[in-house]
Asker: 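Just passing along the structure, written as structure tokens.
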Amino acid sequence: MSAQHLQNHPEWSTRLAFILASAGSAVGLGNIWKFPYIMGENGGGAFVLIYLACLLIVATPILISEVMLGRRARSNPISGMAKLSREAGVNPGWQLIGWMGVLTGFLILSYYSVVMGWALSYVEKAADGAFVGADAETVKGLFDDLVSNPGTLLFWHTVAMLMTVVVVARGVRGGLELATRVMMPLLIVILVLLVGYNIGTSGFSTAMDFMFVPDFSKVTGETFLVALGHAFFTLSLGMGAIMVYGSYMPRGTSIVRAGLWIIVLDTAIALLAGMVIFPIVFSNGLSPQEGPGLIFQTLPLALGAMDWGYWLAIVLFVLVSIAAWTSAISLVEPAVSFLWERFGVRRLYSAIGVGVATWTLGVFSALSFNLIADAKLFDKNFFGLMEFLTANILLPAGGMMIAIFATWRMRRADSAEELGLSGVAYRLWWLPAAVIAPAGVALVFLNGLGLFG
Ligand code: TRP
């Protein structure tokens, strides 16, 4: 039975498809919604700098490792890690990476779907013309109305989850490649357009200073933790999503080159999003520390004041929704491919099962903006707690284990073969993945616990 399943392990139709799908997974709410809001909360420039350092030093070698493990195993992350452990002759307990990934994906999707719901509801608001000529107060009111209404939130959370389940049920290729191929270039064009519009506004230079002139006085242990966590989150790294996508990657495609493309695209879109949001913040005397509502309280303001703003707003929120959508499906893919390859559960049923479970957990995130807003732990509501636990703890921990397995457990001949690297090029991956990245994660964890004062 398993042999038959292996033959059924799908493959992308073209080499570009892996890059498109992985970039589709990477580019999402993390870039457009989360990056600006955590940058705002963590003081701007210094955060950006630390984040870029985390991307380069920690996330890049781990991303290459995760794709490599996936393609070598040609299987879902749980069975795949079992297989790779056997190949390397090490403890099968490394499967834990796969199990943790399935759990993390489930936890992330539960709140991701709620925020995707916000984006969807903003498509409706844009189409209603709610932003045209709106002032800061009106725009803020629109967002507050949305999150204070449990019924509306749950409705859009449900729509988002249904959209996700439908695509996952249809399989890897159905629509995903097309969605990404159209969305990504269009998103970049619109963001560039909005940055262009911003250049003329009063807050532009303040915004550039805020983003690119580091002020280290605001940096704490938590800043490093959030920046590191976000480097993982934005690249969909550390939970097996990129491993599964890598497992569908044809042999003979360069893992390193593909990985670098994904990182460049993802980072460009995040920085562009920041350059769109912060000029609006400073031109209108708003606070960068608005938290999760930041983009929803700023974008409509600029769009509402522009000629063509009515149409641009619709297109932009449609694009944000699509970006969220192509990311959401990758959060379920490890679980669904596992259920199919291990137990032969059809995609339709596993997608529905995972969808229902995730939706249920997501209800608590939706309600943590209204009915259960006062239930707090470590000064965070349920939504904030989920975000913190997944992005800042589980993903870096998963990534660290991936890097350690790929370098210290796998045979070097195997990793070299799979990466298509030898000599200096191989060592340029190995050393950062084996030593620098795991040490970086460990340091940031210890620092986050306040160990360095
Ligand atoms: N990277 C996506 C974003 O930035 C979110 C995401 C999709 C993700 N799949 C993931 C995050 C897997 C972590 C792990 O919006």
Side-chain angles (χ1 to χ4, degrees), residues 20-39 51 54-55 59 62-63 66-67 70 76-77 97-98 100-119 160-161 163-164 167-168 172 176 179-180 183-184 187 226-246 259 262-263 265-274 292 295 319-337 354 358 386-402:
L20 282 174
S22 306
S25 164
V27 174
L29 294 169
N31 307 60
I32 299 161
W33 159 73
K34 190 170 177 187
F35 182 64
Y37 109 66
I38 55 178
M39 185 205 308
Y51 159 76
C54 289
L55 268 184
I62 297 183
L63 180 82
E66 189 173 330
V67 178
N76 67 81
I97 293 177
M100 253 175 66
V102 167
L103 172 74
T104 310
F106 163 71
L107 297 179
I108 294 179
L109 183 61
S110 73
Y111 65 82
Y112 202 84
S113 162
V114 173
V115 182
M116 180 171 156
W118 298 353
M161 194 62 82
M163 288 169 63
T164 307
V167 176
V168 173
V172 219
L176 174 58
T180 320
M183 171 206 73
M184 208 85 67
L187 187 62
V226 174
L228 178 77
H230 189 64
F232 283 90
F233 186 87
T234 192
L235 294 175
S236 305
L237 192 57
M239 54 72 69
I242 288 298
M243 204 186 287
V244 177
Y245 280 17
I262 296 164
I263 293 172
L265 254 175
D266 186 84
T267 310
I269 292 182
L271 291 175
L272 278 175
I295 71 158
L319 288 175
V320 173
S321 303
I322 297 177
W325 196 8
T326 55
S327 300
I329 55 181
S330 71
L331 287 160
V332 207
E333 191 60 28
V336 168
S337 65
V354 172
T358 320
M386 278 290 146
E387 256 197 301
F388 190 85
L389 173 71
T390 52
N392 302 348
I393 310 285
L394 290 171
L395 293 177
M400 187 177 181
M401 286 162 67
I402 286 170

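None of these values were measured; they are calculated from a predicted model. In listed order, ligands and their atoms are each counted from 1. Quick note: residue numbers are just sequence positions, from 1.
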Asker: Note the single closest protein heavy atom to atom 6 (C) of ligand 1, along with its residue, its atom name and the distance in Å.
Answerer: S236 OG, 3.5 Å
Asker: Given side chains that start at C-beta, do those of K34 and V115 come closer than 4.5 Å, heavy atoms only?
Answerer: no
Asker: What residues form a side chain to side chain donor-acceptor pair (under 3.5 Å) with T358, not counting sequence neighbours?
Answerer: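 Side chain to side chain donor-acceptor pair (under 3.5 Å) check on T358 returns nothing, list empty.
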Asker: Minimum distance, heavy atoms only, to atom 15 (O) of ligand 1: which one of F232, F35, Y245, Y112 is it?
Answerer: Y112
Asker: For I108, take its heavy atoms, then give the atoms of ligand 1 lying under 4.0 Å from any of them.
Answerer: 13 (C)
Asker: In a check of side chain to side chain contact (heavy atoms under 4.5 Å, CB included) between P77 and each of V244, I242, V102, which one passes?
Answerer: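 For P77, the side chain to side chain contact (heavy atoms under 4.5 Å, CB included) test succeeds with only one of V244, I242, V102, which is V244.
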Asker: When you compare the side chain of Y245 with that of S236, does any pair of heavy atoms fall below 4.5 Å?
Answerer: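 They are not in contact (no side-chain heavy atoms under 4.5 Å apart), so the answer is no.
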Asker: Numbering the atoms of ligand 1 from 1, which are under 4.0 Å from a heavy atom of L29?
Answerer: 15 (O)
Asker: Polar contacts were defined as any N/O atom of the residue lying under 3.5 Å from an N/O atom of the ligand; does this apply to A26 and ligand 1?
Answerer: yes
Asker: Would you mind running through ligand 1 and noting each atom that sits below 4.0 Å from a heavy atom of S330?
Answerer: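 The atoms of ligand 1 under 4.0 Å from a heavy atom of S330 are 7 (C), 9 (N).
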Asker: Between K34, M239, M116, E333, which one has a non-hydrogen atom sitting closest to atom 14 (C) of ligand 1?
Answerer: M239
Asker: Purely on distance, is any nitrogen or oxygen of L331 under 3.5 Å from one on ligand 1?
Answerer: no
Asker: Looking only at distance, does V27 have an N or O less than 3.5 Å from an N or O of ligand 1?
Answerer: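 No, there is no polar N/O contact under 3.5 Å.
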Asker: Check each atom of ligand 1 against the heavy atoms of T234 and keep those under 4.0 Å away; list them by number with element.
Answerer: 1 (N), 4 (O)
Asker: Which part of L395 is near ligand 1, with near meaning a heavy atom under 4.0 Å away: side chain, backbone, both or neither?
Answerer: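 Answer for L395: side chain.
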Asker: Can you label the angle between the H230 ring and the Y51 ring as parallel, tilted or perpendicular, going by 30° and 60°?
Answerer: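 H230 vs Y51 ring planes: tilted.
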Asker: Return the closest protein heavy atom for atom 11 (C) of ligand 1 as residue, atom name and distance.
Answerer: F233 O, 3.2 Å
Asker: Quick check on contacts: which atoms of ligand 1 are under 4.0 angstrom from a heavy atom of S25?
Answerer: 1 (N), 2 (C), 7 (C), 9 (N)
Asker: Who are the side chain to side chain donor-acceptor pair (under 3.5 Å) partners of T390, not counting sequence neighbours?
Answerer: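 Testing T390 for side chain to side chain donor-acceptor pair (under 3.5 Å), a comparison that skips the adjacent residues, returns Y111.
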Asker: Should D266 and N31 count as side-chain neighbours, where that means a heavy-atom distance under 4.5 Å?
Answerer: yes
Asker: Is the shortest side-chain heavy-atom distance between I108 and F233 below 4.5 Å?
Answerer: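 Result yes, sub-4.5 Å side-chain heavy-atom pair found.
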